[in-house]
Amino acid sequence: MALASNSSRSNIEAKIFHHAGWKESFSAIVGGDEVKAGKPSPEIFLEAAKRLNMDPSSFLVIEDSIPGVTAGKAAGMAVVAVPSLAKQSHLYTSADEVINSLLDLQLEKWGLPAFQDRIEGTLPLEPWCIGGPVIKGFGRGSKVLGIPTANLSPEGYSAILSEHPAGVYFGWAGLSGRGVYKMVMSIGWNPFFNNAEKTIEPWLLHDFNEDFYGEELHLVVVGYIRPEATFSSLEALIAKIHEDRKIAERALELPQYLKYKDDPYLKSSLHQEN
């Protein structure tokens with residue numbers, strides 16, 4: 001594996017120096033000051049191939065910039081683009097594949113060894129938490145989809161939302177005064193409805209007899225299922241959401257995920273009353 005960046009070699013090393021094992025992960029590192037022309041010229045990638053003593057056609061380039069995609073293709077390499085800006089995938093048409101985030105990278109598509117970290121169709125994550133009062137959403141969850149979501153306001157969570165890619169996640173939900181439940185949720189713009197802003201839409205996998213707007217909801221997110229997708233019909237979207245539910249329900253019974261049901265963050269919501 002090689003790292004090829006338009007940044008200078010000294011800047012690259014300064015950035016990765018403090019991360020244990022990062023520098024050692026690369027068999028070659030090529031900086032922009034080590035070639036005559038940086039990206040979009042293919043020279044930086046060809047130099048990386050030369051240092052690894054490998055034919056350029058055997059390489060897979062992972063890029064977040066359009067000049068980088070151009071450079072990779074000009075070097076005769078396969079290129080997977082991970083756009084650095086949301087809703088910009090249409091600008092990366094020259095890439096062989098465009099994915100939403102590195103969570104969706106499937107190396108086996110390119111003849112490389114697959115990652116071994118997926119479990120029952122899910123990707124374990126370092127758990128993260130988010131919470132707040134349940135708000136009224138777009139009114140389409142129950143009425144249009146037949147799926148009552150317990151929406152959280154994105155206000156105050158811009159840092160968390162920017163850190164986590166759009167997609168379908170799952171985990172545990174603690175609802176004040178009620179209990180802890182399995183949940184599956186979407187983060188993103190929901191391409192089918194084309195939301196104007198990035199939203200958080202959890203679905204608590206339990207049948208409630210009443211609405212609970214305003215009640216405190218705490219979420220512990222433990223895994224990832226899939227990227228956001230667009231669908232040809234409302235029926236196809238609903239079917240996929242129910243498939244996500246089945247995946248989440250099954251996965252949350254596994255010891256790796258089940259242990260987070262007792263997370264203190266979930267318990268803290270149970271002691272908060274309206």
query: Transitively linked via ILVMFWY side-chain contacts under 4.5 Å: Met77 with Ile66?
result: yes

- prompt: Are Trp203 and Leu237 linked, directly or through other ILVMFWY residues, by side chains that come within less than 4.5 angstrom of each other?
  reply: yes

Contacts of type side chain to side chain donor-acceptor pair (under 3.5 Å), residue Tyr224, not counting sequence neighbours: Asp104

- prompt: Would you say Leu175 and Glu215 make side-chain contact, with heavy atoms under 4.5 Å?
  reply: yes

- request: Could you tell me whether Lys36 and Glu43 make a salt bridge, using a distance below 4.0 angstrom between a side-chain N and a carboxylate O?
  value: no

Which donor-acceptor pairs under 3.5 Å do the side chains of residues 251-263 make with protein atoms, sequence neighbours left out?
{"unit_1": "Glu253", "atom_1": "OE2", "unit_2": "Lys182", "atom_2": "NZ", "d": "2.6"}
{"unit_1": "Tyr257", "atom_1": "OH", "unit_2": "Thr122", "atom_2": "OG1", "d": "2.8"}
{"unit_1": "Asp263", "atom_1": "OD1", "unit_2": "Tyr265", "atom_2": "N", "d": "2.8"}

- request: Kindly indicate whether the side chain of Thr70, heavy atoms from C-beta on, has any atom under 4.5 Å from the side chain of Lys39.
  value: no

task: Answer with yes or no whether the hydrophobic clustering places Phe59 together with Ile99; edges join I, L, V, M, F, W, Y residues whose side-chain heavy atoms lie under 4.5 Å apart.
output: no

query: When you check the gap from the basic side-chain N to the acidic O, do Arg226 and Asp244 get nearer than 4.0 Å?
result: yes

- request: Test His164 against Trp128 for side chain to side chain contact (heavy atoms under 4.5 Å, CB included), laying out the working first.
  value: CA-CA 10 Å; His164 298 286; Trp128 54 277; 3.3 Å; yes

message: Evaluate Val61 against Val80 for side chain to side chain contact (heavy atoms under 4.5 Å, CB included), listing each step before the verdict.
response: CA-CA 6 Å; Val61 172; Val80 172; over 6 Å; no

- prompt: What distance separates Ser25 OG from His19 NE2, expressed to the nearest 0.5 Å?
  reply: 12.0 Å

task: Would you please indicate if the ring centroids of His206 and Phe208 are separated by under 6.0 Å?
output: yes

message: Side chains of Asn151 and Val134, heavy atoms from C-beta outward: is any pair under 4.5 Å?
response: no

field: Evaluation steps, side chain to side chain contact (heavy atoms under 4.5 Å, CB included), between Ile225 and Tyr169
entry: CA-CA 6 Å; Ile225 297 177; Tyr169 297 79; over 6 Å; no

Nearest non-hydrogen partners of Pro202 and Leu217, listed with the distance: CG-CD2, 4.4 Å

- prompt: To the nearest 0.5 Å, how far apart are CD in Glu97 and NZ in Lys109?
  reply: 4.0 Å

field: By side chain to side chain contact (heavy atoms under 4.5 Å, CB included) - contacts of Ser5 (at least two apart)
entry: Ser7, Ile12

message: Checking Asp117 now: which residues fulfil side chain to side chain contact (heavy atoms under 4.5 Å, CB included) with it, not counting sequence neighbours?
response: Phe115, Leu123

task: State, yes or no, whether a side-chain contact exists between Val98 and Pro83 at a heavy-atom distance under 4.5 Å.
output: yes

For the student: nearest non-hydrogen atoms of Leu205 and Met183, plus distance: CG-CA, 4.1 Å

field: Minimum heavy-atom distance between Ala114 and Glu108, given as atom pair plus value
entry: CB-OE1, 3.3 Å

- line: Minimal heavy-atom distance between Cys129 and Ile160, with the atoms involved, is O-CD1, 3.9 Å

task: Supply the atom-to-atom distance Leu219 CG to Leu152 CG, rounded to the nearest 0.5 angstrom.
output: 5.5 Å

- prompt: Would Val79 end up clustered with Tyr92 when hydrophobic side chains under 4.5 Å apart are linked, directly or stepwise?
  reply: yes

message: For the CG atom of Leu60 and the CE atom of Met1, what is their distance to the nearest 0.5 Å?
response: 11.5 Å

field: Those residues that, when tested against Ile62, pass side chain to side chain contact (heavy atoms under 4.5 Å, CB included) (two or more places apart)
entry: Val82, Leu102, Leu105

Check residues 45-54 and write down every donor-acceptor pair under 3.5 Å in which the side-chain atom is one partner and the other belongs to a residue at least two apart or another chain.
{"unit_1": "Glu47", "atom_1": "OE2", "unit_2": "Arg51", "atom_2": "NE", "d": "2.9"}
{"unit_1": "Arg51", "atom_1": "NH1", "unit_2": "Ile29", "atom_2": "O", "d": "2.9"}
{"unit_1": "Arg51", "atom_1": "NH2", "unit_2": "Glu34", "atom_2": "OE2", "d": "3.2"}

message: Looking at every non-hydrogen atom in both residues, tell me the closest pair between Ala173 and Leu266 and how far apart they are.
response: C-CD2, 3.9 Å

message: For the backbone of Pro165 and the side chain of Ser101, can you confirm whether one donor and one acceptor N or O come within less than 3.5 Å of each other?
response: no

- line: Minimal heavy-atom distance between Ala248 and Val184, with the atoms involved, is CB-CB, 4.0 Å

task: To the nearest 0.5 angstrom, please state how far the CG atom of Leu112 sits from the CD atom of Gln106.
output: 12.5 Å

task: Using a strict cut-off of less than 4.0 Å between a Lys/Arg side-chain nitrogen and an Asp/Glu carboxylate oxygen, indicate whether Glu243 and Lys240 qualify as a salt bridge.
output: yes

query: Can you check whether Glu228 reaches Asn100 side chain to side chain, under 4.5 Å on heavy atoms?
result: no

statement: Interatomic distance, CG@Leu125 vs CG@Leu103, rounded to 0.5 Å, equals 6.0 Å

message: If you count heavy atoms of other groups shown closer than 6.0 angstrom to CH2 of Trp110, is the number above 12?
response: yes

